[in-house]
Each structure stands twice: as C-alpha cells, then as structure tokens.
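Structure, as structure tokens:
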Amino acid sequence: MRRRTIQYLVLLAVFGLSIHLYFNQSFSLPSNPDWSLDDYWPDKERGQAAHEDVVRPPTRPPPPPPPKAPNSLPADVEKRDAVVAAFKYAWSAYERDAMGADEYHPISHHGSNLGGGGGIGYTVVDALDTMLLMGLDEEYQRARTWVEEKLTFDRQGYYSMFETTIRVLGGLLSAYHLTHDDLYKHHAADLGDRLLSAFDPDSGLPAASVNLASKTATSVGGGVSISEATTLQLEFRYLAEITGRVAFWRKAERVMQVVNKARLPNGLAPINMNGDGTFARSTIRLGSNGDSYYEYLLKQYIQTNRTEPVYLQMYADAMDGVHEHLVLKTPTKELTYIAELLPLGTTDWKSSWAPQPKQEHLACFLAGSLMLGATTSHLLDPSKPASVPPRLQEELNADGRRDWETGKAFLDGCVDTLKTETGLSPEGVTFRTLETKAKEGERDWYIKGAGKSSNPPYDARYMLRPEIAESIFLAYRLTGDAKYRGHAWDLFSAIEKHCKLPEGGYATVLDVDKVPVKHLDKQETFFLSETLKYLFLTFADEDVLDLSRVVFNTEAHPLPIFTPTDIKPLFTKYS
C-alpha cells in the first residue's frame with residue numbers, strides 16, 4: 001500500500017508540472033493560420049484571376065457543416081435498400097449490354113449513341129454521383145475507369161447543348177464536388193471549352209447544337225427555347241469557380257441579361273426565343289422547353305449563397321406571374337394545377353393570352369421548387385434557417401407563405417395523377433373545367449386522346465420521369481411528414497411492378513391506364529441520375545446529402561453552394 005501511495009504521489013507531481021508548463025508558455029492562435037487561401041493560390045495568380053485563361057489550382061474542400069441533432073430524419077433502411085437494389089438492377093443490365101453507350105435499349109439488349117459522332121458518356125457520367133451517394137463502390141470504380149480510359153469529347157457530330165450541359169457537364173462537376181478527383185475537373189474543363197463555341201457573339205444566346213470536335217454550332221431556324229438558353233448557368237458558373245476561367249461565367253451571365261431585357265410585362269417567358277434575343281410568339285408553360293428557366297432563377301440565387309439578389313427579383317416576379325395567370329383549380333375536387341398560356345393575336349400577343357388546362361408531368365418540379373424557395377429565399381430573418389416544417393407566420397414573409405401553400409397543394413394535384421391503372425403518372429394530362437366537369441367516378445383530369453385507337457397517345461406513357469419524385473423528396477425533407485415517404489414508396493412500387501424487365505433494366509410504359517403494360521425499348525439516363533436518386537434520398541438518412549450545402553441542377557446533380565471567390569458578377573440590375 002505504501003509503495004502504491006508513493007507511485008500516486010509521483011504521478012500527481014508530474015501531472016501538476018505539466019499543467020504549470022502548459023499555462024505559463026506563450027500561447028495564442030496564429031494570425032496567419034496554415035490553411036490560408038494563399039497557400040493554395042499565390043498572390044501573383046490571385047491578381048490574374050480576371051483573365052479568362054487563368055486556371056486555378058484545386059480549391060480546398062468546404063468546411064464541414066455545423067453540428068445538428070443526430071438522425072432528425074433517419075433512414076427507412078428497408079425501403080432505401082430496395083431503391084439501391086433497383087439501381088443495381090438497372091445499371092448491371094446497361095453495363096452488361098451497352099457499357100459506354102449514351103443510351104440503353106434493354107429489350108433488344110443494345111446501346112446507341114447521340115450526336116452522330118460517337119458516344120460521350122451520357123449514361124455513365126449521368127450515373128456517377130448516384131453511385132457515390134448510394135455507396136456503390138465497385139460499380140463506381142468501374143465507371144470511373146471507363147471515364148479515365150474511354151471518355152473523349154473529340155467527336156465529329158452535333159450534340160444537344162442543353163442535354164450535354166445538364167447530363168454530362170453537370171455529372172462531371174457533381175462527381176468532382178463529391179470526390180475532388182481532378183479527373184472529373186479535367187474532363188469538365190475540356191467539355192466546357194468546347195461548349196463555349198455555341199454562344200453567339202452578337203446575341204449572346206447559345207445555339208441548340210454544337211459540334212464538339214470542330215467547335216461549330218447550329219440552331220434549327222436560328223432560335224432556341226428558353227430552357228436551352230437558361231439551363232446552363234449553374235454548371236458554367238461552378239466550372240468558372242473551380243477553374244478560375246471567367247469566360248465560363250460571363251457567357252452564362254450574358255444570357256440572363258438578354259432574357260431580362262426581353263422580359264414580358266407578366267414576368268413569364270414564352271418557350272421560344274428568336275436568334276436576336278427577343279421572344280418569339282409561342283406558348284408559356286412550365287413543362288417542356290420552359291420548365292428549367294424558372295427552376296434556375298431560384299437556384300442561381302441559392303447557388304452563390306444568396307449574394308446575387310437580381311435572381312431573386314427575377315424569380316419573385318416570375319412566381320407572381322405564375323400565381324396570377326397559371327395557378328388554377330379543378331371545379332370538383334379543387335385540385336391545384338399549372339395551366340399553359342396560348343398567345344392571342346399577332347401584334348399584341350405579348351399582353352393577350354388564353355389559359356389551357358393542360359399540364360405535363362415535367363411541370364411537377366414546381367411543387368418542390370416553390371417549397372424550397374419559400375424556406376430559403378423568403379425568410380423574415382435570412383440569417384436563421386427555417387424550421388422543419390417552417391413556422392409560416394413566424395419565419396416566412398408573405399410571398400413565402402403563398403409559395404409554400406401553393407407548392408403543397410400543387411404536389412397533391414401531381415400525386416393525384418398517379419391514380420391510374422398502373423399507379424404511374426402519364427406524360428401529360430388535361431384537367432377538367434366547368435365545361436368538362438367530372439362525372440360520378442371520374443378523375444378530375446383525363447389523358448387527351450386515350451382509348452380512341454389501338455395506339456395510345458404520347459401523353460399516355462410513363463417515361464421513368466423524376467419530377468413527381470423530386471418534389472416528393474423536397475417536400476419530405478422540408479416538412480418531415482411521413483406521408484411523403486408513403487407517396488414515394490407507392491411510386492417506387494409501381495415502377496417495380498410495371499417498368500422492370502425480367503431480363504434486366506427498366507423501360508417506358510406506353511399506356512399507364514392499360515394492364516398488362518406494353519413497353520418502349522428505352523431506359524432513360526435520367527432514371528439513374530434523377531428518379532432513383534430522389535427516391536433513394538427520400539428514404540436515406542438526411543445526412544447523406546445536406547440540402548443546406550448543395551443545389552441540384554435540373555438533372556439532379558448536386559453542386560455546392562459557394563460565394564464567388566474572385567469573379568465579380570456583372571449582371572446586378574433587374575429591369
């Protein structure tokens with residue numbers, strides 16, 4: 001006992017001496033910490049940042065998010081894993097039959113390429129970040145090897161500027177964000193450089209198609225859709241940030257200046273633009289050729305950490321126009337839907353419109369977008385994040401409360417379109433009006449032309465689209481309401497039952513109201529990059545992807561929220 005006591009006294013003395021030395025040494029935080037930005041970007045390079053050809057070294061990864069309550073929205077493991085299994089089933093069939101091909105045809109077991117000049121990795125690159133988020137390491141490593149050894153953009157053929165940007169450039173940038181692997185930044189910079197040739201030096205608008213090898217561009221009729229012009233900003237701005245090449249930013253920014261100058265009094269955008277940067281007489285809709293214009297107004301504001309209020313002004317003005325002219329309800333069940341506007345007259349068409357009760361599946365993105373905008377961009381106190389769900393009166397301003405309620409109601413209307421024989425939503429529906437009011441037992445909407453011939457109309461098909469799944473995911477994350485997971489599971493179960501093929505892969509259903517179903521021989525790339533990703537994230541732990549730190553491009557590729565490092569935005573005034 002005595003010996004043990006002496007040992008304790010010696011240990012106590014050593015401990016006391018250590019404390020004394022610790023508190024009597026000179027100690028302070030360094031005024032120039034070792035993680036200074038200058039270590040990654042020397043002064044002489046910082047001074048050259050405005051030059052368009054400066055390529056900056058890789059930026060330091062963003063700091064970890066602030067701590068929050070653990071598992072506030074925990075995973076539903078069984079359902080999450082079922083979605084992962086579906087992705088593996090779809091990917092393995094593609095990898096078996098068509099690895100490297102742009103598109104996959106699972107019934108005939110072959111692939112095909114777009115653009116006429118050879119494949120540029122549409123399916124592979126589109127699926128990279130889904131694999132990363134799902135933790136599919138083996139599949140990801142094989143895909144990365146293909147990118148490293150086979151991917152090239154030196155292709156003689158005309159490729160869609162829109163699709164190439166959102167799927168391939170967006171996929172490369174997202175993979176770089178998630179991994180900081182310079183392989184993806186190298187390919188993204190190469191592709192971006194080739195796409196720069198699509199921008200007209202006079203009008204500032206991009207062409208519809210670009211030859212990636214010759215760097216020449218073309219547009220049928222000389223014009224582009226509003227979506228083609230304004231759905232490249234998230235990608236080009238982030239590419240400028242990570243490479244230091246200001247040209248990428250300026251090209252994307254100038255398009256927004258052109259659109260702002262051409263704006264209509266109602267704040268909405270017709271789907272077609274002339275080659276001179278003015279709007280052509282055409283439909284206003286939030287479906288094909290128009291949807292992502294509105295989506296990217298909000299997301300450009302979010303992307304740069306809410307430092308560019310001009311995009312919030314454009315977004316708010318557009319949503320005022322949407323509420324005034326497009327948000328309608330059915331007379332029986334009072335389902336909320338988003339109408340289309342047809343121009344009237346020839347000379348005064350910009351101020352004379354007729355609403356049409358037609359809605360494409362694509363338009364259902366707006367439900368989640370409205371809810372996201374309400375909780376990120378219409379806060380009474382922007383310095384504090386919104387609660388889950390938000391306290392409407394205490395946290396949101398008037399526009400935020402309006403957009404939140406419309407988003408929820410519109411999502412209910414979109415979910416109602418899943419009430420088909422297959423449980424799948426059709427490509428397009430027409431809502432009933434007072435003149436076509438639903439009879440007993442009828443839905444408040446119908447598929448135009450359905451049942452009139454043996455060949456179902458285009459509107460009757462389900463193309464593995466993600467927009468309802470996207471809004472369900474956002475609604476779940478922003479409310480925590482389990483009913484949205486229920487909707488997601490119903491949709492996923494319908495896909496498994498009717499779109500899954502016995503020999504591998506998934507395919508388009510030609511008629512959602514006819515069972516047994518008939519298929520079209522195509523597995524869309526967005527099924528891997530969007531539909532299954534959104535369903536997976538709905539059932540995964542929310543920490544898999546922090547919504548406060550990323551913004552999704554329109555192909556569901558998560559890109560980081562950042563404050564521009566050295567690029568000063570020039571488009572700052574909204575007229």
Side-chain angles (χ1 to χ4, degrees), residues 102-108 112 114 122 160 162-163 166-167 208 220-221 225-228 270-272 282-292 326 335 337-342 355-366 413-433 436 442-470 491 494-495 498-499 501 505-527 530-531 554-555:
D102 286 338
E103 295 191 317
Y104 178 43
H105 308 282
I107 297 175
S108 56
S112 61
L114 303 170
Y122 267 72
S160 164
F162 174 82
E163 300 293 354
I166 66 171
R167 301 190 194 201
V220 177
S225 73
I226 185 64
S227 284
E228 289 174 315
I271 61 172
N272 292 329
S282 52
T283 303
I284 289 175
R285 63 169 174 252
L286 273 75
S288 54
N289 298 312
D291 48 357
S292 46
L326 304 183
L335 296 178
Y337 67 95
I338 305 297
E340 298 182 356
L341 294 181
L342 298 182
Q356 302 295 308
K358 181 182 178 182
Q359 177 183 291
E360 296 177 6
H361 184 120
L362 288 163
C364 287
F365 88 91
L366 185 66
C414 288
V415 169
D416 196 81
T417 65
L418 297 172
K419 295 178 179 178
T420 62
E421 289 298 312
T422 59
L424 301 168
S425 177
E427 182 70 3
V429 299
T430 301
F431 285 89
R432 298 191 183 276
T433 64
T436 59
E442 287 185 328
R443 299 176 297 211
D444 258 20
W445 50 270
Y446 59 94
I447 302 170
K448 191 173 182 179
K452 294 183 178 180
S453 72
S454 58
N455 296 317
Y458 183 83
D459 279 352
R461 65 182 55 186
Y462 172 66
M463 300 171 58
L464 305 172
R465 285 208 184 274
E467 283 73 21
I468 293 179
E470 173 185 0
L491 172 56
I495 292 171
H498 298 291
C499 302
L501 301 174
Y506 294 75
T508 291
V509 167
L510 287 172
D511 189 343
V512 297
D513 268 333
K514 188 174 181 60
V515 177
V517 300
K518 292 183 179 180
H519 294 106
L520 180 70
D521 188 14
K522 191 174 182 181
Q523 178 177 285
E524 299 285 353
T525 74
F526 52 69
F527 181 61
E530 296 187 75
T531 309
T554 197
E555 192 75 3

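The figures here come from the full heavy-atom set of this structure, side chains too, leaving out hydrogens, waters and symmetry mates. In what follows, residues are counted from 1 in the order of the sequence shown. The model shown is predicted, which means the values in this text are computed figures rather than measured ones.
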- Message: Is there a side chain to side chain contact (heavy atoms under 4.5 Å, CB included) between R465 and E427? Walk through the geometry before answering.
- Response: CA-CA 8 Å; R465 285 208 184 274; E427 182 70 3; 2.9 Å; yes
- Query: Roughly how far, to the nearest 0.5 Å, is CG of L366 from CG of L286?
  - Reply: 5.5 Å
- Can you check whether H519 reaches V509 side chain to side chain, under 4.5 Å on heavy atoms? yes
- Query: Going from CD on E360 to CG on D291, what distance comes out if it is rounded to the nearest 0.5 angstrom?
  - Reply: 8.0 Å
- Consider only side-chain N and O atoms of S225 and S227, and report whether a donor and an acceptor are under 3.5 Å apart. no
- Thinking salt bridges, do R167 and E555 make one under a 4.0 Å N-O criterion? yes
- Task: Decide side chain to side chain contact (heavy atoms under 4.5 Å, CB included) for W445 and D416; before the verdict, give the C-alpha distance in whole Å, the side-chain angles of both, and the deciding distance to 0.1 Å.
- Result: CA-CA 9 Å; W445 50 270; D416 196 81; 3.0 Å; yes
- Item | Test log, rule side chain to side chain contact (heavy atoms under 4.5 Å, CB included), inputs D459 and K358 | CA-CA 11 Å; D459 279 352; K358 181 182 178 182; 3.9 Å; yes
- Query: Heavy-atom distance under 4.5 Å between the side chains of F527 and C499, does that happen here?
  - Reply: no
- Item | Residue pair T430, T436: steps toward the side chain to side chain contact (heavy atoms under 4.5 Å, CB included) verdict | CA-CA 10 Å; T430 301; T436 59; over 6 Å; no
- Task: Could you pull out the closest heavy-atom pair between S282 and N272, with the gap in Å?
- Result: OG-N, 3.1 Å
- Query: How many angstroms lie between atom OG1 of T554 and atom CZ of F365, to the nearest 0.5 angstrom?
  - Reply: 7.5 Å
- Query: Is it true that a side-chain atom of R432 and a backbone atom of R443 form a donor plus acceptor pair closer than 3.5 Å?
  - Reply: yes
- Here the pair of heavy atoms bringing C414 nearest to Q359 is SG-NE2, 3.9 Å
- Note on the structure: Between Y506 and the options I495, L501, T531, the side chain to side chain contact (heavy atoms under 4.5 Å, CB included) test singles out I495
- Query: Of the options V517, D511, L510, which is the one that meets K514 in a side chain to side chain contact (heavy atoms under 4.5 Å, CB included)?
  - Reply: D511
- Task: Work out which heavy atom in P106 is nearest to a heavy atom in A507; give both atom names and the distance.
- Result: CG-CB, 4.3 Å
- Can you tell me how far the OG1 atom of T508 sits from the NE2 atom of H498, to the nearest 0.5 Å? 14.5 Å
- Message: Give me the atom names and distance for the closest heavy-atom approach of S425 to H361.
- Response: OG-ND1, 3.4 Å
- Would you check if the side chain of T283 reaches a backbone N or O of R285 as a donor-acceptor pair within less than 3.5 Å? no
- Task: Give, for atom CD1 of I284 and atom CG of L341, the distance between the pair rounded to the nearest 0.5 Å.
- Result: 5.0 Å
- Minimum-distance pair of heavy atoms, taken over all atoms of T417 and P426: O-CD, 3.4 Å
- Message: Looking at every heavy atom in both S108 and D521, which two are closest together, and how far apart are they?
- Response: OG-OD2, 2.6 Å
- Message: Counting C-beta onward and ignoring hydrogens, is there a side-chain heavy-atom pair between S112 and H105 closer than 4.5 Å?
- Response: yes
- Note on the structure: Rounded to the nearest 0.5 Å, the CD atom of Q523 sits from the CD1 atom of I107 at a distance of 11.0 Å
